[in-house]
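Here the structure comes first, spelled out in structure tokens, and everything after it is commentary.
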Amino acid sequence: MFSTMQDAPLSIARILEQGSGPHGASAQVITWTGEGSRRRAYADVGRRAAQLAHALRGLGVTGDQRVGTFMWNNAEHLEAYLAVPSMGAVLHTLNIRLFPEQLVYVANHAEDEVVLVDATLLPLFGKLLPELKTVRHVIVSGGDKAALEAPKGVEVHGYEELLAGQPVEFDWPELDERSAAAMCYTSGTTANPKGVVYSHRSIYLHSMQVCMTDGMALSQADRALAVVPMFHAMSWGLPYAAFMVGASIVMPDRFLQPEPLVKMTAAERPTMAAAVPTIWQGVLQHLAADPHDVSSLREVVVGGAACPPSLMKTFEEKYGIPVLHAWGMTETSPLGSVARPPAGVTGEQLWKYRASQGRPPAGVQARLVGDDDQVLPWDGESVGELEVRGPWITASYYGDDDPEKFHDGWLRTGDVGHISPDGFVQLTDRAKDVIKSGGEWISSVDLENKVMGHPAVAEAMVIGVPDEKWSERPLVAVVLRDGQQVDAAELRDFLAGSVAKWQLPEYWTFIPEAPKTSVGKFDKKRLRKQHADGELDVTRLG
Ligand code: ADP
């Protein structure tokens with residue numbers, strides 16, 4: 001028997017109406033300009049999203065054409081986030097930091113027909129445009145469209161001119177909730193990037209999860225600082241979730257360095273903020289040298305890579321700001337698990353829960369799979385690859401058959417770890433980063449976290465390097481804090497108290513800067529190459 005419930009599709013248009021209607025006057029998008037901010041009420045965002053949709057219809061976007069964005073986090077990007085899916089087209093957020101050949105690949109692969117570009121990114125975009133085979137219209141936001149030289153067959157428009165005079169309401173079509181709303185390509189560190197296509201339904205359900213108390217607990221009382229780029233896994237769902245509940249959102253635009261981030265926090269007083277650990281490391285270092293009032297933050301969300309416990313403790317002990325650790329992937333929308341400890345847990349046990357990747361919510365099923373494909377128990381000890389499934393987990397890649405990544409309807413995450421009986425995931429590594437030393441496994445993340453616990457160390461990366469006797473041994477690459485000195489032997493002594501003797505690294509190198517990926521994570525592939533090319537000055541301790 002079927003239910004008696006109405007079959008109202010879950011859609012971005014409902015999120016748009018909720019944010020721009022009941023919350024239209026109270027909630028705002030605040031975009032940092034370098035010196036101060038510009039503000040726009042959600043009611044205006046809603047009106048402008050309608051205007052954008054009319055303009056796009058005028059350019060021939062009548063179905064599920066892909067509309068790319070090549071933009072920072074700002075008000076206009078938010079308008080595109082809302083307008084494009086609501087009108088039935090597909091938003092494709094282009095990761096501006098990919099290599100040019102990868103960007104060309106993804107825009108051609110997705111068959112983007114229109115691209116919205118921030119004027120500040122025109123020098124970069126202009127170089128790609130001649131290679132983009134399907135693009136017919138480019139819309140330039142925040143600057144002079146004449147700065148872009150268009151190849152034959154491509155029309156260039158100014159964002160504001162295009163919106164001017166368009167009706168401020170749009171009759172949003174009723175769409176199948178399973179239809180494509182937005183797409184995002186993984187950063188593709190090993191092969192070509194792969195496209196994940198989110199549906200209206202998946203985005204709607206994921207947004208609700210972001211707002212749940214045991215999720216990021218986003219509410220209308222919040223002002224969220226979205227540091228994580230809108231081209232990186234949909235800014236972890238913050239723009240849609242904020243619009244859904246009427247939370248205001250602070251957008252840093254291109255000002256993603258520690259200094260402006262600290263400045264905008266002091267000036268705009270966000271209540272929560274989300275970014276990868278390397279960004280927060282930079283912010284903490286800056287704050288130590290140049291104190292600012294960041295007390296408005298009720299919580300800081302860290303994800304995208306393992307959060308070093310030292311980072312959590314500094315935030316908490318020095319600034320009184322709790323850190324919420326979360327795990328996810330582009331493929332998981334991205335929220336896959338959140339580390340909110342169970343009630344009543346205290347002391348070291350509490351830190352253990354908080355430093356874990358957390359508990360998957362009801363919308364995400366998790367299991368561990370061992371070497372010969374057997375499913376392992378949640379006993380807090382058995383180590384295997386994490387597999388997940390659920391309504392906001394991708395079941396395939398767009399136009400790219402990759403059976404390796406899927407297993408009986410589950411997504412293979414490539415992450416290795418264990419799960420406790422109460423459902424907390426503790427990742428030890430990415431499968432490809434685990435160091436296999438004499439038949440035993442060493443967690444690169446565990447070593448990194450421990451080295452970063454030394455007060456002189458700003459950042460530490462650990463990779464496996466070939467070793468005649470053990471097949472692989474850990475190499476630690478250390479970035480020192482400004483003005484600090486420490487040598488390899490001292491760091492190894494520091495580790496000796498907390499790391500098994502056979503895991504203690506003998507290979508060390510000091511580097512001025514850690515190589516990072518397009519989304520700001522440690523780029524171990526590049527470090528491995530630097531090592532293979534003999535570019536690192538490695539000390540071997542006896
Ligand atoms: P990329 O693979 O290019 O980094 P994603 O942003 O989709 O693209 O990254 C997903 C991966 O990031 C996960 O599979 C995992 O390895 C890592 N990751 C994300 N969050 C965490 C976390 N909290 N702890 C450890 N690893 C994490």
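In listed order, ligands and their atoms are each counted from 1. Nothing fancy with the numbering, it's 1 onward along the sequence.
- A 4.5 Å side-chain heavy-atom check between Met312 and Cys307 finds at least one atom pair inside the cut-off.
- By the 4.0 Å N-to-carboxylate-O rule, Arg359 lies too far from Asp214 to be salt-bridged with it.
- Of the candidates Gly414, Gly328, Ala355, Gly328 brings a heavy atom nearest to atom 10 (C) of ligand 1.
- Looking at Ala306 next to ligand 1, an N or O pair under 3.5 Å apart turns up.
- Between Arg430 and Glu385 there is no salt bridge, since no side-chain nitrogen of the basic residue lies less than 4.0 Å from a carboxylate oxygen of the acidic one.
- Proximity annotation for atom 5 (P) of ligand 1: of Arg430, Gln426, Lys194, Lys521, Lys521 comes nearest, heavy atoms only.
- Selection from Asp415, Asp523, Val425, Thr517 by nearest heavy atom to atom 14 (O) of ligand 1 gives Asp415.
- Residue Arg528 holds its CZ atom at 9.0 Å from CG of Asp523, rounded to the nearest 0.5 Å.
- For the pair Arg492 and Trp508, the cation-pi test (distance below 6.0 Å, angle within 45°) is failed.
- For atom 21 (C) of ligand 1, the candidate residues are Gly336, Pro193, Ala305; the nearest heavy-atom contact is made by Ala305.
- Distances shorter than 4.0 angstrom occur between a heavy atom of Gly304 and an atom of ligand 1.
- Considering both main-chain and side-chain atoms, Ala326 comes within under 3.5 Å of ligand 1 through a nitrogen or oxygen pair.
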